[in-house]
Amino acid sequence: MNVDLLAHPAEEVAPKLLGRVLTCRTSEGTVSIAITETEAYSGTADPASHAYRGRTPRNEVMFGPAGHLYVYRSHGLHWCANVVTGTDGIASAVLIRAGRVVEGEELARERRGERVENARLARGPGNFCQALGITGEHNGADLLKGPSVVLSEGEPASAALIQAGPRVGVSKAHDWLHRFYLAGDPTVSAYRLSPRARPARGA
């Protein structure tokens with residue numbers, strides 16, 4: 001993967017990550033997932049971004065160079081993984097929301113549960129990280145050099161299949177069309193409006 005692809009604003013990079021493959025190697029084994037759904041977060045210009053109010057110890061990685069992994073825990077329960085994009089010093093990141101397991105399905109199933117359907121193994125940001133084996137220990141990982149977590153070319157998605165829509169579950173700037181996904185792909189998560197979000201004007 002070339003860093004040039006990632007050195008742009010999150011909303012430009014997010015659709016280009018569809019079809020790319022994220023691989024995580026742990027002591028348990030290796031799992032690779034082709035990305036099918038992403039969400040862009042534009043740092044200090046984005047009310048829904050963790051970096052909206054500036055740099056903190058938690059979001060420090062978001063301000064770093066493109067090509068690193070920003071990992072955080074959502075609601076104290078699930079790990080979520082973001083690809084840092086843009087320019088060093090300016091916060092920008094793409095949340096990986098869902099994907100299709102292309103390697104290590106048996107290990108992914110052990111982590112997610114035997115009864116989980118194939119399409120649901122990595123559907124949703126928390127499930128994506130659980131299937132892949134990503135935890136807080138991977139925060140700051142270099143996705144271009146590895147060795148534990150690597151982002152590779154995969155098969156970039158056809159532009160005809162990429163759709164954009166409002167972001168899932170956020171209460172601020174929820175109507176920004178910064179969610180990108182592959183139309184008709186069964187691994188893509190369902191849209192869900194946050195109960196705290198106000199309907200867009202005219203809706």
Side-chain angles (χ1 to χ4, degrees), residues 1-24 31-43 45-46 48-51 59 61-62 66-72 74 78-86 91-102 119-132 134 138-139 141 143-144 149-170 172-194:
M1 174 66 68
N2 193 320
V3 69
D4 291 341
L5 175 75
L6 306 176
H8 299 280
E11 62 270 23
E12 295 180 17
V13 176
K16 296 178 181 178
L17 289 179
L18 298 176
R20 314 289 179 170
V21 175
L22 199 59
T23 297
C24 185
V31 174
S32 296
I33 300 177
I35 299 168
T36 59
E37 182 185 6
T38 60
E39 274 182 350
Y41 288 88
S42 306
D46 185 346
S49 171
H50 288 176
N59 66 29
V61 175
M62 286 185 71
H68 287 73
L69 195 68
Y70 167 50
V71 181
Y72 68 90
S74 176
H78 309 292
W79 296 110
C80 296
N82 302 255
V83 176
V84 176
T85 66
S92 179
V94 176
L95 172 66
I96 308 302
R97 285 201 53 84
R100 181 180 66 259
V101 178
V102 294
R120 299 178 63 88
L121 286 175
R123 180 193 292 171
N127 294 334
F128 185 96
C129 283
Q130 185 178 6
L132 205 54
I134 286 179
H138 296 104
N139 187 43
L143 297 174
L144 305 179
V149 189
V150 178
L151 180 66
S152 56
E153 294 291 343
E155 296 184 9
S158 167
L161 295 177
I162 298 176
Q163 292 192 0
R167 295 183 290 196
V168 177
V170 295
K172 298 179 180 179
H174 61 89
D175 54 341
W176 289 17
L177 303 183
H178 281 191
R179 172 178 171 245
F180 301 90
Y181 57 95
L182 298 182
D185 193 298
T187 66
V188 172
S189 60
Y191 174 70
R192 177 176 57 83
L193 177 67
S194 169

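Nothing fancy with the numbering, it's 1 onward along the sequence.
Residue pairs satisfying the salt bridge (charged side-chain N to carboxylate O under 4.0 Å, His left out) criterion with at least one member in residues 11-20, sequence neighbours excluded, are listed as follows: Arg20-Glu153. Within the structure, salt bridge (charged side-chain N to carboxylate O under 4.0 Å, His left out) contacts touching residues 122-131 (residues at least two apart or in different chains) do not occur.
How far CD of Glu37 is from CG of Leu95: 8.5 Å, rounded to the nearest 0.5 Å. To the nearest 0.5 Å, the span separating CG on Asn59 from CG on Asn139 amounts to 10.0 Å. Atoms OG and CG, on Ser158 and Leu18 in that order, are 11.0 Å from each other to the nearest 0.5 Å. For the atom pair OH of Tyr72 and SG of Cys129, the computed distance is 9.0 Å after rounding to the nearest 0.5 Å.
Counting heavy atoms from C-beta on, the side chains of Leu143 and Val149 come closer than 4.5 Å. Considering only heavy atoms from C-beta on, Asn82 stays 4.5 Å or farther from Leu69 through its side chain.
Nearest heavy atom pair, residue Ile134 against residue Ala81, reads CD1-CB, 4.2 Å. Val188 and Arg179 make their closest contact through CG1-NH2, 3.7 Å (heavy atoms, listed as atom of the first residue, atom of the second, distance). Between Pro186 and Ala119, the shortest heavy-atom distance links the atoms O-CB, 3.7 Å.
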- request: Carefully, step by step, assess Val168 and Glu39 under the rule side chain to side chain contact (heavy atoms under 4.5 Å, CB included).
  value: CA-CA 9 Å; Val168 177; Glu39 274 182 350; 3.6 Å; yes

task: Take Leu22 and Leu17, measure what side chain to side chain contact (heavy atoms under 4.5 Å, CB included) needs, and give me the verdict at the end.
output: CA-CA 10 Å; Leu22 199 59; Leu17 289 179; over 6 Å; no

- request: Would you sort out whether Thr187 and Arg100 count as a side-chain hydrogen bond (donor to acceptor under 3.5 Å, both in side chains), showing the intermediate values?
  value: CA-CA 6 Å; Thr187 66; Arg100 181 180 66 259; 5.6 Å; no

message: Checking Arg167 against Trp176 for the side chain to side chain contact (heavy atoms under 4.5 Å, CB included) test, could you report, in this order, the C-alpha distance in whole Å, the side-chain angles of both residues, the deciding distance, and whether it holds?
response: CA-CA 7 Å; Arg167 295 183 290 196; Trp176 289 17; 3.7 Å; yes

task: Test side chain to side chain contact (heavy atoms under 4.5 Å, CB included) on Ile96 and Ile33 and set out the steps.
output: CA-CA 11 Å; Ile96 308 302; Ile33 300 177; over 6 Å; no

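Among residues two or more places apart in sequence or in another chain, the ring pair (Phe, Tyr, Trp, His ring centres under 6.0 Å) test is passed with Trp79 by none.
Between the Ser92 side chain and the Ala10 main chain, a donor and an acceptor come within less than 3.5 Å of each other.
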